[in-house]
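Quick notes on the structure that follows.
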Amino acid sequence: LTLSEDDYFLENGLNQSYHGQPEASEDNFVEFIPEGVLLIIISILGFVGNALSIYVLLRPTQGGIFSNILMGLASFDALFLVCAITTFGLPTFSHLYKKNLFLKIMPFSYGLTHLARVGSVFATLSVTLERFFAIVFPFKDVDVFKRWLIPGTVIFTIVYNVPQFF
């Protein structure tokens with residue numbers, strides 16, 4: 001049994017155009033909508049929300065350790081959203097981007113995405129620890145420990161993720 005060229009393309013989920021070039025199948029379309037369109041739109045909205053949060057937390061009336069921790073969390077989240085767009089959204093959305101730019105920035109992009117994700121997780125843990133100490137030990141002086149939550153998170157995140165860049 002031999003398959004004709006048309007049967008081969010249909011069997012493998014490809015439609016052949018009039019010029020003999022294979023077109024994208026339904027599988028590519030199903031991947032394009034969530035990863036290409038929705039990821040980019042939702043990430044942009046999330047980035048705007050994080051930028052507004054940082055703007056509010058930078059006001060002088062919002063000073064304090066807890067505001068700094070929330071600012072660190074919003075910063076890591078915003079970085080992750082930008083990395084998600086450049087690492088996962090744009091390569092699915094644009095073949096030109098994937099072919100020309102993504103292959104050059106991919107090693108750095110994946111490392112930075114992982115760094116932002118780990119930083120976001122540990123910044124969330126820092127919020128939890130700060131709230132724990134504020135509720136369980138309200139009269140003890142743990143400000144020295146609280147002040148090192150975000151710098152410790154940043155240092156640990158960078159050291160932990162150095163191998164991701166190589």
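All figures in this text were calculated on a predicted structure; none of them were measured in a lab. Numbering of residues begins at 1 and proceeds along the displayed sequence.
The number of heavy atoms from other shown groups lying within 6.0 Å of OH (Tyr160) does not exceed 12. Within a 6.0 Å sphere centred on CZ of Phe66, other residues, nucleotides and ligands contribute more than 12 heavy atoms.
Side chain of Thr86 to main chain of Cys83: a donor-acceptor pair is present (N/O by atom type, distance under 3.5 Å, no hydrogens or angles). Side-chain atoms of Ser126 come within 3.5 Å of backbone atoms of Phe122 as a donor-acceptor pair (strictly under, hydrogens ignored). When atom types are taken as modelled, the side chain of Ser94 and the backbone of Leu90 share no donor-acceptor pair closer than 3.5 angstrom.
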Leu70 and Ser53: CA distance, side-chain angles, deciding distance, side chain to side chain contact (heavy atoms under 4.5 Å, CB included) verdict: CA-CA 9 Å; Leu70 288 178; Ser53 297; over 6 Å; no
Verdict with supporting geometry, Leu115 and Phe165, side chain to side chain contact (heavy atoms under 4.5 Å, CB included): CA-CA 10 Å; Leu115 184 136; Phe165 292 95; 4.2 Å; yes
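Considering every non-hydrogen atom in both Val118 and Asn161, the closest pair reads CB-ND2, 3.7 Å. Shortest non-hydrogen contact noted between Ser109 and Thr113 is O-OG1, 2.7 Å. Minimum interatomic distance between Gly72 and Ile150 (heavy atoms only, all atoms of both residues): CA-CD1, 4.2 Å. Taking each heavy atom of Ala123 and Phe76 in turn, the nearest pair found is CB-CD1, 4.1 Å. The shortest non-hydrogen separation linking Ser75 to Ile54 is OG-CD1, 3.7 Å.
Applying the ring-ring contact (aromatic ring centres under 6.0 Å, His included) test to Tyr97 and every residue at least two apart in sequence or in another chain returns nothing.
Counting only residues at least two apart or on different chains, the salt bridge (Lys or Arg N to Asp or Glu O under 4.0 Å) pairs with a member in residues 140-160 are Glu130-Lys146.
Here Leu96 contributes atom CG and Leu101 contributes atom CG; the two are 9.5 Å apart, rounded to the nearest 0.5 Å. For the atom pair CG (Asn68) and CG (Leu57), the distance works out to 8.5 Å, reported to the nearest 0.5 Å. Atom CG of Leu149 is separated from atom CG of Leu129 by 6.0 Å, given to the nearest 0.5 angstrom. Rounded to the nearest 0.5 Å, atoms CG (Leu39) and CD1 (Ile44) are 9.5 Å apart. In this structure, CG on Leu45 lies 11.5 Å from CG on Asn50, to the nearest 0.5 angstrom.
When hydrophobic clusters are built by joining Ile, Leu, Val, Met, Phe, Trp and Tyr residues whose side-chain heavy atoms come closer than 4.5 Å, directly or via intermediates, Leu112 is not grouped with Leu81. When the side chains of ILVMFWY residues are joined at heavy-atom separations under 4.5 Å, either directly or via intervening members, Leu38 and Ile40 end up in a single hydrophobic cluster. Linking Ile, Leu, Val, Met, Phe, Trp and Tyr residues whenever their side-chain heavy atoms come within less than 4.5 Å leaves Ile42 and Phe47 in two separate clusters. At a threshold of 4.5 Å between side-chain heavy atoms, the hydrophobic network of Ile, Leu, Val, Met, Phe, Trp and Tyr places Leu58 and Val127 in one connected group. Phe80 and Val121 fall into different hydrophobic clusters, where Ile, Leu, Val, Met, Phe, Trp and Tyr residues are linked whenever their side-chain heavy atoms come under 4.5 Å apart, directly or through other members.
A perpendicular orientation is assigned to the rings of Phe102 and Tyr110, their planes being inclined by more than 60° (bins at 30° and 60°).
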